There are 2 protein chains.
Amino acid sequence: MSLTLEHCRERDARDPLRPLRDLFTLPAGVIYLDGNSLGPMPKAAAPRVAQAVQQEWGEGLIRSWNSAGWFELPQRLGDKIGTIVGAKPGEVVATDSTSINLFKVLSAALSIASAGSPQRKVVVSERSNFPTDLYIAEALCKERGLTLKLVEPHEIAASLDSSVAVLMLTHVNYRTGAMHDMRAVTRRAHESGALTVWDLAHSAGAVEVDLHGAHADFAIGCGYKYLNGGPGAPAFVWVHPRHADRFWQPLAGWWSHEAPFEFTPHYRPAAGIARYLCGTQPILSMTALECGLDTVLAAQPFGGMKALREKSLALTDTFIALVEERCAGHGVSLVTPREHALRGSQVCLAYVDPHASLPPEGASAALGRPGAGREGAYAIVQALIARGVIGDFRAPEILRFGFTPLYLGFEDVWNAVEHLREVLATAEWKRDEFNRRNAVT
Amino acid sequence: MSLTLEHCRERDARDPLRPLRDLFTLPAGVIYLDGNSLGPMPKAAAPRVAQAVQQEWGEGLIRSWNSAGWFELPQRLGDKIGTIVGAKPGEVVATDSTSINLFKVLSAALSIASAGSPQRKVVVSERSNFPTDLYIAEALCKERGLTLKLVEPHEIAASLDSSVAVLMLTHVNYRTGAMHDMRAVTRRAHESGALTVWDLAHSAGAVEVDLHGAHADFAIGCGYKYLNGGPGAPAFVWVHPRHADRFWQPLAGWWSHEAPFEFTPHYRPAAGIARYLCGTQPILSMTALECGLDTVLAAQPFGGMKALREKSLALTDTFIALVEERCAGHGVSLVTPREHALRGSQVCLAYVDPHASLPPEGASAALGRPGAGREGAYAIVQALIARGVIGDFRAPEILRFGFTPLYLGFEDVWNAVEHLREVLATAEWKRDEFNRRNAVT
């Protein structure tokens, strides 16, 4: 039985989460499938940030550190994030960037691991993990004389031997949309004696996360993707209470001091997650982040993350079904796992031009500049953007589409697939690509 | 000859920098002497941040990374900062917090020093340096098995022996307003074989800084003090080109990669200062920072930092003269050096109650809770704030007043001293303190 536009409209009509769309400003004519890169603007953000600028900064000046609660922002926002990822109050802080927070927790995890088992000198991660995670780990391993071992997803379990100190994974892969079973993988890591560091960049606000239920050790994540916190919004960090007090993380700035206003020359780390703070935080960006968190929390009366996840799977199921039915024969194939338990909140398609012969494996090594045959994914994404369907390209051949149930409906999915079908069927991207290459710019 | 209110008004009338005051929104009835803690709001900030929120984020969405130039912000703002501190284009980036940037440059400095001279295992700093600098250094020394040696200002030269890897100083002391001779101290450090790390938190935008002229090695600084970048604005980092390519700083996130959009699993540091970036930056806060930088650059046609510095010294000279003349006998004494070359852009007074006997030295060790006799500085600052004169308290006995020539005039200085005189003479702070302590809150 084929899905129709009518089916999609009916699903939207009976969608209890539909009113949440009104929390956002979305430009007219845009179908936004890139909320996994930058979430859209909550309507509340514009007046709230204006208030922070004009009243809190402009009028309150330095007094606003206390009177406007600026000092409490990392903890207050952290608690809101905690409810989204299965952490308890007081366990999360919103601060710094994802990369910097990863450095903090990986430093802590390695120090805790080496204190107990100095022979453990390996960090295991996925070769296709988000590069910044690998870079941070690579630099830290270099500093400490450790080894970063990169494996394929199916090799993770076998790689966990007595040499491994830390297993560092991103819960949902940025490129494929594949999701790990956090609980099972954590159990396997613990059985081998390793600690786990989870990057929730593509999970927080997108899928159900239960850090305590999974017995995870450390987690970090991003504020500007599914949490809708604004461009470059501060990130977050969670440390299980069993570890939080065990280690000085090396970015020991004044906001992590036990008594920051005593201005004493010697460092005494604050208890708990506060010691994972460092310096003064960008208040205006924090203010916008809170508006983003509130959009996710607005789903609580409708079933919260469970309801969001159900709708997300329905959206991605619909997208997959429509693409396979309506775009067949045009060179796109599914990269993201079909099984719900293995899928995040995005769908990735690989594009291979059905009318070109494939180059030998390895010939398209210049990432970002797709080789012959695989050429096209970038241009197809550009053609879709020109039509108002904003997705993402990941070199060399991936079309990436994020689905955020807070503001997307089933009719959006239908329309997005129609645009994709037309772009592929008419090969307009080849004309666009031709024009682009020959444009005098 | 006594200074009069008339003299002050005359000086304002012939002050060529006077029009710059109109670049700021200052609340009615406030004399703001805390721009060295948080600079006030540039008028341009409100519409500019609103544009970044509503147009760039709200309408442009992910496209704004390119179309609104978000990717270039660290460098574009860095170049503006460079003109303020004597660095060349392409040598500075605006990013992260002061503490985190200190971690990066201190890591680099230590690695460069130890590569050449592994026997150098000491970092020298001032005991009264801003605590977060000491905490970052303490944690890093702990990690690397090095020693952090804290000395008094007059002991710095003698402390520079063949064991010292790095001399880490704040150019202008946050607590006393005393300024180092950056060129002379750097020369002395280099003669001893040590590298220098300068914190410009209380210098950038406040005093003339010439990093190249001083032959400095590394510098970091703050965006939200004299640069007026907004609460928690991103900080900045400069590395002399002779060092910039020599080291991977350990916060090796994707924005510091040679080709961040290739998404390759292995790290290759970008050339130059770009390798001192790490993760994605808080764009809204960066946008406000640019407005702040533009207020300082607006002084360029009037003589730039040289003209600002001259007015700053005139303001602090006037404040010192008026306090010594009009507040004599009320227990305040000058902490900040009288000599121009040794003074930053702030004046600190110590308060000791002239009607109380001093406790034995060391008895008031509980910083932040001033002991008998020294009690009062906190309450005096509160009484001044209640009158609209916003200064700062630094435990246990310091009244701290920052003078920013961009928006302060000589009549402001007169009025501030009048308020201080009245507060001291009427001892209204004692009543306030009494009321505060007995308030049911």
Side-chain angles (χ1 to χ4, degrees), chain A residues 25 27 32 34 37-38 40-41 45-46 49-50 53-54 57-59 61-62 64 70 97-100 103 127 131-132 134-136 138-140 143 150 230-234 248 250-254 257 261-267 278-285 288 367-368 390 394-395, chain B residues 25 27 32 34 37-38 40-41 45-46 49-50 53-54 57-59 61-62 64 70 97-100 103 127 131-132 134-136 138-140 143 150 230-234 248 250-254 257 261-267 278-285 288 367-368 390 394-395:
Chain A
T25 295
Y32 195 56
D34 213 359
S37 189
L38 173 66
M41 185 185 78
V49 173
V53 173
Q54 294 174 47
W57 178 17
E59 295 289 321
L61 292 162
I62 192 71
S64 290
W70 289 348
S97 69
T98 311
S99 301
I100 284 169
F103 180 85
R127 188 167 293 114
T132 207
L134 300 182
Y135 303 158
I136 292 284
E138 186 181 357
L140 200 50
E143 285 251 314
L150 302 183
W248 283 23
L251 298 172
W254 75 294
H257 196 275
F261 290 98
E262 288 189 7
F263 294 106
T264 54
H266 292 291
Y267 183 68
C278 181
T280 309
Q281 288 303 298
I283 298 301
L284 303 181
S285 288
L367 291 169
I390 303 181
R394 285 294 176 262
Chain B
T25 294
Y32 195 57
D34 214 358
S37 189
L38 173 66
M41 186 185 74
V49 173
V53 173
Q54 295 174 45
W57 178 16
E59 294 288 321
L61 293 160
I62 190 70
S64 290
W70 289 348
S97 69
T98 310
S99 301
I100 283 171
F103 179 85
R127 188 167 291 113
T132 206
L134 301 181
Y135 305 157
I136 291 284
E138 187 180 358
L140 201 49
E143 285 250 315
L150 300 184
W248 282 24
L251 298 172
W254 74 294
H257 196 276
F261 289 97
E262 288 189 5
F263 294 107
T264 54
H266 292 292
Y267 183 68
C278 180
T280 310
Q281 288 304 297
I283 299 300
L284 303 181
S285 288
L367 291 171
I390 302 182
R394 286 294 177 262

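As the structure is a prediction and not an experimental result, all values here were calculated from the model. Proteins come first, then strands; the chains are lettered A, B, ... in the order of their sequence lines, and each starts at number 1.
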TODO: Kindly say whether B/Ser285 contributes a backbone atom to a donor-acceptor pair with the side chain of A/Ser285 at under 3.5 angstrom?
DONE: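 Side chain of A/Ser285 to backbone of B/Ser285: a pair is present.
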TODO: Check for a donor-acceptor pair, side chain of B/Ser99 on one end and backbone N or O of A/Cys278 on the other, with a separation under 3.5 Å.
DONE: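 Not at all, since once roles are kept as given, no pair shorter than 3.5 Å links the two residues.
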Residue [X] versus chain B: region with a heavy atom under 4.5 Å:
| X | value |
| --- | --- |
| A/His266 | both |
| A/Ala50 | neither |
| A/Thr98 | neither |
| A/Ile62 | both |
| A/Glu59 | both |
| A/Leu61 | both |

Open item on the list: Out of A/Gln54, A/Arg394, A/Arg127, return the one with the most heavy atom pairs under 4.5 angstrom to chain B.
Closed with: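 It is A/Arg394.
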Task: Candidate pair B/Trp254 and A/Ile136, rule side-chain contact (heavy atoms from CB on, under 4.5 Å), full reasoning - done: CA-CA 9 Å; B/Trp254 74 294; A/Ile136 292 284; over 6 Å; no
Could you check whether any side-chain heavy atom of [X] comes within less than 4.5 Å of a side-chain heavy atom of [Y], counting everything from C-beta outward?
| X | Y | result |
| --- | --- | --- |
| A/Trp248 | B/Glu138 | yes |
| B/Leu134 | A/Thr264 | no |
| B/Leu150 | A/Pro265 | yes |
| B/Pro231 | A/Trp57 | yes |

- [ ] Among B/Ala45, B/Ser37, B/Gly230, single out the residue with the greatest number of heavy-atom pairs under 4.5 Å to chain A.
- [x] B/Gly230
Task: Leading residue by heavy atom contact count with chain A [cutoff under 4.5 Å; candidates B/Ser97, B/Pro250, B/Ala46] - done: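 With the most close heavy-atom pairs to chain A, the winner is B/Pro250.
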TODO: Fit a plane to each ring of A/Tyr135 and B/Tyr267, take the angle between them on a 0 to 90° scale, and name the class: parallel (under 30°), tilted (30 to 60°) or perpendicular (over 60°).
DONE: tilted
Open item on the list: Evaluate B/Thr280 against A/Thr132 for side-chain contact (heavy atoms from CB on, under 4.5 Å), listing each step before the verdict.
Closed with: CA-CA 10 Å; B/Thr280 310; A/Thr132 207; over 6 Å; no
Task: Minimal non-hydrogen separation, B/Ala288 against A/Leu284, with atom names - done: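 Nearest pair, atom of B/Ala288 first, then A/Leu284: CB-CD1, 3.6 Å.
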